[in-house]
Amino acid sequence: MKYDVCIVGTGAGASGVAHTLTEAGLKVVMLERGGFLKEKDFSKDEVAYCKRDIVTPNLKESYHTIEALENGKWVKTPTYVTESSFFNGNIVGGSSNFMSGYFHRLKPVDFKLLSTYGTIKGANVVDWAIDYDEIEPYFEKVERLVGVSGEVTPYKYHEPRSTKEFPYPPLDEHPISKRIDQSCNKLGFVPYKTPRAILSKPKDDRANCYYSNYCGSYPCSSGAKGSARASLLQPALKTGDLTIITHAFVKKLVEKNAKVTEAIYIDTQTKKEHNIKANIFVVAGQAVESCRLLLNSKSKNFPNGLANNTGQVGKNLLFSAGGVGSGQFDAKTMPLKELMVEGLFVNRSLCDWYEIEKMKGGIVDFLFEHANPISKASKQRWEGSKLLWGEELQNKIFHKFTATKQLNFEVFNDWLPTDNCFVSVDEKYKDVYGVPVANIRIGAHPHDLKVAKLLAKKAEEVLKEMGAKNILSSMSSYPPANLQAGGCRFGNDSKTSVLNKHCQAHEVSNLFVSDGSFMPTGGSVTYTWTIYANSFRVGDYIVANWERYNK
Amino acid sequence: MTRRVFIASTLLAGTALTLLPQGEKTHIRVEPFKVIETVQKVLFPKGLKAPSASEFGATNYLATVTTHSSFWKDDLKFLIFGTELLMKEEPTFLSMNSEKQDKALRDFVNNSSKGENWVSLLLFYTLEALFSDPIYGGNKNELGWKWTQHHTGQPQPKKMWAEEIA
Ligand SMILES: Cc1cc2nc3c(=O)[nH]c(=O)nc-3n(C[C@H](O)[C@H](O)[C@H](O)COP(=O)(O)OP(=O)(O)OC[C@H]3O[C@@H](n4cnc5c(N)ncnc54)[C@H](O)[C@@H]3O)c2cc1C
Ligand code: SF4
């Protein structure tokens, strides 16, 4: 059978396309390397979801090499050595099942970084091929379909909106949020209500959030979290036009006459190879794995990988720059009864410094330390470099759990695109199926850290004003593995970009890439709202131009 | 949101494998889990309110999870290697009273980074046993959660290892 469209991956970037195409009646097949787990299967099992490779590939079977600068030389280290996976969630719905859903739209300036702020030495900054207005309707569509709850808080850099308010009211808030507001007001900062991809009211088959207190890193048992699976794929499956093939790891796209003719996948359970034919192919395996697939799809016409005759595939990979900070609260700062309330959200951000000292700035999100008791307790075993045990450790754990709460903040700013952050493949490092794994060179521009530190200072001021103790922050140039974009930049110039403005490969007309890979610069917010929005946009383009491909 | 910060684990369990004294004979062969159980009792004794390692099933937990394919094989090898190392350095460890065991373990940690890494790793899995869902054989009667007034998230797992529920 030949499908209309074959999509690789089932995450945020894949699902907007699948939803749009099946709504238009196209026959779509999605290939997903993991299994299909649903609400009934999910639980708050810290061991399975946070401590082992269960919903991500076992690192002995598939891994990445991380290429970092060591004593002036770039050195590759496989992640099975560092025990630090760069996979983020490999089941139907992808890592969106496990996200926390802190959602921010890009701002108009993010589309025009080069023309607004000019060049930065050592960074490959460009303007986008589209502007904010072209994607705004899709941001709005995400609010409705994926479900974003919030309340518009005006501030200087607020992006224009085509609707006045969010379709879902804000989620219930922890008593500490009021204290953040009071402190921000004193400091003259705007406490911005963080929008969340979480339903505060039921929608179709999805129940509202029940404040499980185990949100980020866990799949959602109520369907409230706006995972690609719950929000877009479950409805798309109901059309009868969507087929999802699970345990299907796509190793190669086959090309003939500058068109993709089939996808070859390995059934990870039987280890047998299969192929799928379609008129159009859409790749959305999350930035790193999407680049890997293209780079591994070599042919006579494309000896360096599919759509890569310009050598741009894998280049200008982006993460999210920034870091984390924290402050401790106890009975001295807040009545314990209020402080220890569980489950409710903090949902406050600082967005006043989207521009800072005439540079592009970023945002800060406040959130409580995760409830995860294993990781919370295991951190207590070290006091500096001293290992604690026995009564000393027990007292420390008891105090940590019963008398204190840690308010964290996370800083997000642009990870500038540079020549030292990219994906490549290397015949030396292969997975259990004999397919070269992705090598990720993780060089970061020093500018990123400079901006992050300025933002962290603002967050620290808030914590200080609130009376927090032990205020710490560690901004870092290490990439957060779960926030990936870039690698297949879109642009109008086919020499300097992989995709055109519709996220269609310049060199292969029936190939689209619809995850975050298209982003030439990252913006100073987490990516997923943009990934969803763009995925809907790509879907609309394919539907509008379908007749051209239906041959 | 969790940021998975890319730092080499302080456990160094991955690299510890290469430190195994290949082929070297240890003086006393003792059942590794016997040593582990004894050390866990020292690491997490019965407190005024805290449950002891034996009460919450620390060793039982380890026996369950180490057999699953997701358990890091290098960690398992290192856990066993550490028991042999301890027996070599402190041959009478098992028959000491608890005070002496505690002192011997502190010497073991201070004497070498291998010793320190091993105790740290075993302590990590002891705490994992204390706070994981009882379905894995630790945290017996939810003793760990009750002691720290921790409320776990709902729903709790009906099956281990996030398996599909039929
Ligand atoms: C713990 C955590 C917290 C997060 N919190 C936030 C947050 O608060 N806000 C935010 O904006 N973002 C957050 N994110 C990030 C968010 O989940 C991702 O940005 C988003 O899911 C990316 O979408 P994607 O389609 O690119 O990739 P994914 O959603 O990961 O989907 C990719 C899918 O493709 C499959 N795949 C890959 N390669 C192949 C192949 N060769 N063959 C077959 N299948 C393949 C994968 O198995 C996977 O299922 C978080 C992520 C994690 C892990
Ligand atoms: S119920 Fe609410 S808090 Fe729990 S996982 Fe779902 S969205 Fe997150």
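Reminder, nothing fancy here: chain letters follow the sequence lines and each chain counts from 1.
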If you count heavy-atom pairs under 4.5 Å with chain B, which of [options] comes out on top?
options                                   : value
Asn408(A), Asn58(A), Asn213(A), Ile397(A) : Ile397(A)
Glu46(A), Glu391(A), Glu342(A), Met99(A)  : Glu342(A)
Lys38(A), Lys40(A), Lys376(A)             : Lys40(A)

Is it the side chain or the backbone of [X] that comes within 4.5 Å of chain A heavy atoms, both, or neither?
X         : value
His151(B) : both
Val65(B)  : side chain
Leu48(B)  : neither
Lys73(B)  : neither
Glu164(B) : both
Thr126(B) : neither

Mutual orientation of the aromatic rings belonging to [X] and [Y] [parallel < 30°, tilted 30-60°, perpendicular > 60°]:
X         : Y         : answer
Phe87(A)  : His64(A)  : tilted
Trp147(B) : Phe131(B) : parallel
Phe345(A) : Tyr211(A) : tilted

_Any carboxylate oxygen within less than 4.0 angstrom of a Lys/Arg side-chain nitrogen, looking at Lys114(B) and Glu89(B)?_
no
Using 4.0 Å as the upper bound for N to carboxylate O, is an ion pair formed by Glu39(A) and Lys225(A)? no
Between [Y] and [X], is there a cation-pi geometry (under 6.0 Å to ring centre, at most 45° from the normal)?
X         : Y         : value
Lys77(B)  : Trp72(B)  : no
Arg196(A) : Tyr102(A) : yes
Lys60(A)  : Tyr63(A)  : no

What option among [options] has the most heavy-atom pairs under 4.5 Å with chain A?
options                         : answer
Leu127(B), Asp133(B), Leu43(B)  : Leu43(B)
Ala53(B), Gly144(B), Pro45(B)   : Pro45(B)
His150(B), Glu116(B), Lys159(B) : His150(B)

Where does [X] contact chain B at under 4.5 Å (heavy atoms): side chain, backbone, both or neither?
X         : answer
Ser212(A) : both
Ser385(A) : backbone
Leu393(A) : side chain
Tyr218(A) : neither
Tyr210(A) : side chain

Checklist entry - Does the side chain of Ser70(B) pick up a donor-acceptor pair with the side chain of Asp53(A) at under 3.5 Å? => result no
Check whether any side-chain N or O of Ser326(A) sits under 3.5 Å from a backbone N or O of Leu407(A) as a donor-acceptor pair, and report yes or no.
no
- [ ] Would you please test Lys400(A) and Gln406(A) for side chain to side chain donor-acceptor pair (under 3.5 Å) and show each step?
- [x] CA-CA 9 Å; Lys400(A) 171 80 185 168; Gln406(A) 180 173 313; 3.3 Å; yes
